[in-house]
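These figures come from a predicted structure and were not determined experimentally. Order of the sequence lines sets the chain letters (A, B, ...), proteins ahead of strands, with each chain counted from 1.
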Amino acid sequence: MRNTLDIRTVANRYAAQLQLCCSQRSTSYCIAQTIHAHMIASGFKPRGHILNRLMDIYCKSSNIAYALHLFNKIPEPDIVARTTLIAAYSTAGNLKLSQEVFGGTPLSTRDTVFYNAMITAYSHNNDGHAAIELFRDMRRDDFRPDNYTFTSVLGALALIVEDEKYCQQMHCAVLKSGTVFVTSVLNALISAYVKCASSPLASSSLMMGAAKKLFDEMPNKDELTWTTMITGYVRNNNLDAAREILDGVTENIGVAWNAMISGYVHHGFIHEALEMFRRMHLKGIQHDGFTYTSVISACAYAGLFKHGKQMHAFILKTEEKHEPEFSLSVNNALVSLYGKCGKVEEAREIFNKMLIRDLISWNAILSAYVNLGRIVEAKSFFKEMPERNLLSWTVMISGLAQNGFGEEGLKLFNQMRIEGFEPCDYAFAGAITSCAMLGALEHGRQLHAQLVKLGHDSSLSAGNALITMYARCGIVEAANCVFLTMPCLDSVSWNAMIAALGQHGHGLQAIELFEQMLKEDIVPDRITFLTILSACSHAGLVKEGHCYFNSMRGCYNITPGEDHYARLIDLLVRAGKFSEANDVIESMPFEPGAPIWEALLSGCRIHGNMDLGIQAAERLFELMPQHDGTYVLLSNMYATAGRQNDVAKVRKLMRDRGIKKEPGCSWIEVESKVHVFLVNDTVHPEVQAVYNYLEQLVLEMRKLGYVPDTKFVLHDMEEAQKESVLYTHSEKLAVVFGLMKLPLGATIRVFKNLRICGDCHNAFKFMSKVVGREIVVRDGKRFHHFRNGECSCGNYW
DNA sequence: GTAGGGTTAG
C-alpha cells in the first residue's frame, strides 16, 4: 500500500518538473533529459502523460530517433501520445513521420485535437492544399471543428493564393461552427482575406474591405488583431491605412510598430521608418531584435552609415540582455550594413565574433566581398560555406561576371545546375552578363531561350542583362528589341540601352532615347550621365555633350565626379578643342588624376598634339608608372609623326622599367565555341590555314589600294619584316578565322582585349569590301562596324 | 496533446 503511494508521489513530482521544463525555453530540454536519466537510474518506468511529455522533449531537441524508440515501447499508445508525436515530428521538419503516425491511427480512436495537429503539420510544411483536404475529411467523418481547427486551416488557406471563393466559403463554415466570436479565429480570417487581397485572381479592394469590416466589428481585439490588420495594409501597398490603424493602438504593442517599420522599409520609405523608431523609443514602446534588424536594414538600404552605426552602438549598450536568437538576425543585419557601406573589415569582425551563424550570415559576408570586387576572398568564402542556397550561387555568379571573370561565371552557373539548383532570374542575369563580357553571343542566345522557357522573360534584372549582352556582342538591334518588349523598365534599363547606342556610334539615337527617358519622368543618375557623355563623345556631338554635362548639377543635383570630367575632356579633345579642355581642367574642384590625363593623351594622339601629349604622358608616368597603355600611346604618337628615334627611346624606357606590353588577344565565337588567338599565334590548331588565307586576302586588298602601315610596329626591324609582323596581329587572325568558318554572308564578330591597331583598322575596311561582309570588332574601348570599305567609328579609335 | 503577427542575405 505504502509502496504504491510512493510511486504515485514520485510520478507527480516528475510530471511537475517536466511541466516546468516545457513551459520554459529550449535551453531547459537538457534538464528534462537529466530528469529522464534520473527516472531510469531509480528504476521508475514512465507511462502515460509523463512518457508523452518525454517524447515531446526529445523531438523538440531534435532527437527524433530516441522519441520514436520511446513511442515504440508503448504497447498501445493513446491518442494523446499520437497527437504529441505528430506535432513534435512536424516541428522537427519531418512531415513524413507525422503522416505515418496519423495514418496508423484507427478512425475510432481519433478526436478533433488529433486532426488539428495534423492540419497544423501540413500548414507548417507549406502544404496548404493537404491541410484543407484533411479539414474536409474530418468534417466528412463527423468530427466537429473547433477554434483551433479554424485558426490552423485559415492559416493554411493563406498559403495558397487562390480566388476569393475560398475565403468566403471558409467564412461561412466559421459562421456555422459557432466559433465566430473567438478572437483567434477572427484574426485568422482577417489574415486569410488580407493574403487573398494580394492575389491577382481576387479583387484587392473587395478582400481588404471584407477584412476591415471584420476588424471594425470585432469586440475583443488583441495584439494580433492590430498587427494583422497593419501588415495587411502594408502588404497591399496601403501604408497610410496601415498607419491609421497603428495610430489607433493605445496599448504598448511593439509587434504592431515593428510591422509598420518593416512596411516602410520594404516600400523604400526609409526616413519614415527611422522616424517611427524614434517615436517608438520616446513613447516607451518595447523595441526588440525585430525592430533593430529593420532599422539597420533601412540604414543599409539608404547608405545611412552614420545612423546605422548609432543603432549598433545603442544595441551594444544593452547587449547583456540579449538571447542568441536575437543576436543572430541583428548581427546578420549589421554584417550586411557594414558590407553595403563598403566597410568590409568591420563586417568581417562582426562575422568572426558571431557565436551562431546561419546561411544568411554567410551570404551577407559573401556579398560584402563581392560588392567590393574582392573576388579572391569571396571565392574562398564561397568554398568554405557549410551550406549554400540559390542566393549564394547567384551572388557568386554575378560577382564573377561583373568583375570580368566571365568564363568562371559561366562555369559556376553550370555547376549550380549540376548540383540541383534551378536558377532564378538573377542567376540568369549573372550568366548572361558573363556572356556579355566574353562576347559569347550564341551562348547568350541559348540562355535567352531558356529564360523564356522558364517564364523569367519578364524579369527586370534578366532583361537589363540581355540588353547589355546583345549590345556588347555587337547586335544593337537585338538589344533594342529586348528593351522595347520589356514589360517594365527601370533606370538601369534606360542606361543600358543608351550605352548600347552610344558604344555603336549611334550618338543621335542615344540622345533621342535620353530625352524620351526624361519625358517619361525617369530620373537620370550618375551612370546615365556617364553613358550619355560617352555616346556624345563617340559620335563627336560636342555641343550636346557639353550641354548635358552642365545640366547635371543645375537640373539634377548631381555633382560631376572625376569620371564625368574625364568623359567631357575626352569629348572635347577628340574634336580637337584643346583650349576648351584646358579651361575645364582648370575649373575642376580637384587636381586632375589619371583618367583626365589619359583622355587628354588619347586626344593628343588623334590630333598629333605632340607638346600637350608629352605633358600628359609625363603626368601619367608619375601617377601610374607601371601602366603599359601610356607607353604604347606615346610611342604611337611619335610613330605617327615619324619620330622613330623617340619611339626607340620609349621602348628603352619600357625595357629599363621592366614594363611589358599586355599581349594582344582576340577571340571569336564559332558554333557556340570561343576561339582565342594571341598575337603571332602558334597555339590554335588551325592557325596555319588562317595565315594562308590571310595572305590571299591581302593580295586582293592591295589591288583595292590597301597599303600596310608599318609605323604601328613598335620594334625596330627591316621594313619587310615589319609588314609580316602586322599579319600576326590577333584581331586579323580572329577575323580571318571567322571568314573561313562562319556561313557565307554571316557577320563576323570579333573581340579584342586592347584597342584595335591602326593598320588592322585600315585593313578591315578593305577586307569588308573584298569579301562583301560586315565585320564587327569590339575592342577595349568601343565598337567598330566595318561595312563596304567604311567604319562606323568615323576613324575615332 | 492542437492555433495565429513583426527580422536579416542579391
Please name all residues satisfying ring-ring contact (aromatic ring centres under 6.0 Å, His included) with A/Phe413, sequence neighbours left out, ordered by chain then number.
A/Phe428
A/Val113, nearest nucleotide to its side chain (from B/dG1, B/dG10, B/dT8):
B/dG1
Does A/Thr231 have a side-chain nitrogen or oxygen under 4.0 Å from the phosphate oxygens OP1 or OP2 of B/dG6?
no
Residues passing the ring-ring contact (aromatic ring centres under 6.0 Å, His included) test with A/Trp257, sequence neighbours excluded, are none
In whole angstroms, the gap separating C1' of B/dT8 from CD1 of A/Ile350 amounts to 13 Å
With the side chain of A/Ile253 defined as its heavy atoms from C-beta on, choose the nearest nucleotide among B/dG5, B/dG6, B/dT2.
B/dG5
What's the CZ-C1' distance between A/Arg82 and B/dG1, to the nearest Å?
13 Å
Can you check the A/Tyr292 OH to B/dT8 P distance for me, whole Å?
16 Å
Between A/Phe314 and A/His281, is the ring centroid distance below 6.0 Å?
yes
Considering only heavy atoms and no angle criterion, is a donor-acceptor pair shorter than 3.5 Å present between the side chain of A/Thr83 and the base of B/dG1?
yes
Strictly below 4.0 Å, heavy-atom distances to any atom of DNA chain B: list the hits from residues 180-188 of chain A, or just say none.
A/Ser184, A/Asn187
Restricting to side chain to side chain donor-acceptor pair (under 3.5 Å), what partner residues turn up for A/Glu408, sequence neighbours left out?
A/Lys379
Consider the side chain of A/His124, meaning its heavy atoms from C-beta on, and name the nucleotide among B/dA9, B/dG4, B/dT2 that approaches it most closely.
B/dG4
Is A/Thr227 side chain donor-acceptor paired with the B/dG5 base, going by distance under 3.5 Å alone?
yes
To the nearest Å, how far apart are A/Phe114 CZ and B/dT2 P?
14 Å
Side-chain N or O of A/Arg235 closer than 4.0 Å to phosphate OP1/OP2 of B/dG6:
yes
Please list all pairs passing the salt bridge (Lys or Arg N to Asp or Glu O under 4.0 Å) test where one or both residues lie in residues 123-133 of chain A, with sequence neighbours left out.
A/Glu133-A/Arg136
Would you please indicate if the ring centroids of A/His129 and A/Tyr122 are separated by under 6.0 Å?
no
Is any side-chain N or O of A/Ser329 under 3.5 Å from a base N or O of B/dT8, one able to act as donor and the other as acceptor?
no
If you look at every strand shown and take non-hydrogen atoms under 4.0 Å, does A/Asp111 touch a base, only sugar-phosphate, or nothing?
base
What class does the angle between the rings of A/Trp393 and A/Phe421 fall in, given that below 30° is parallel, 30 to 60° is tilted and above 60° is perpendicular?
tilted
According to the side-chain hydrogen bond (donor to acceptor under 3.5 Å, both in side chains) rule, which pairs have a member within residues 332-348 of chain A, sequence neighbours left out?
A/His312-A/Tyr338, A/Asn332-A/Asp358, A/Asn332-A/Ser361, A/Glu345-A/Arg374, A/Arg348-A/Asn352, A/Arg348-A/Tyr369
What integer distance in Å separates A/Met311:CE from B/dT7:C1'?
12 Å
Round to a whole Å and report the spacing from CG of A/Leu460 to P of B/dG10.
17 Å
Quick one: list whatever passes ring-ring contact (aromatic ring centres under 6.0 Å, His included) with A/Phe215, sequence neighbours left out.
A/Trp226
Do A/Asp288 and B/dG6 have a side chain to base donor-acceptor pair shorter than 3.5 Å?
yes
Would one find a side-chain N or O of A/Ser367 under 4.0 angstrom from OP1 or OP2 of B/dA9?
no
Set of residues satisfying side chain to side chain donor-acceptor pair (under 3.5 Å) with respect to A/Ser493, sequence neighbours excluded
A/Asn464, A/Asp490
Of residues 394-405 of chain A, the positions that come close to DNA chain B - non-hydrogen atoms, cut-off under 4.0 Å
A/Thr394, A/Val395
Please report, rounded to the nearest Å, how far the C1' atom of B/dA9 is from the CH2 atom of A/Trp362.
14 Å
A/Trp393 CH2 to B/dG10 P: how many Å, rounded?
19 Å
Would you indicate, yes or no, if B/dT7 has its OP1 or OP2 atom less than 4.0 angstrom from a side-chain nitrogen or oxygen of A/His287?
no
Going by modelled atom types, is there a donor-acceptor pair between the base of B/dG10 and the side chain of A/Asp425 at under 3.5 Å?
no
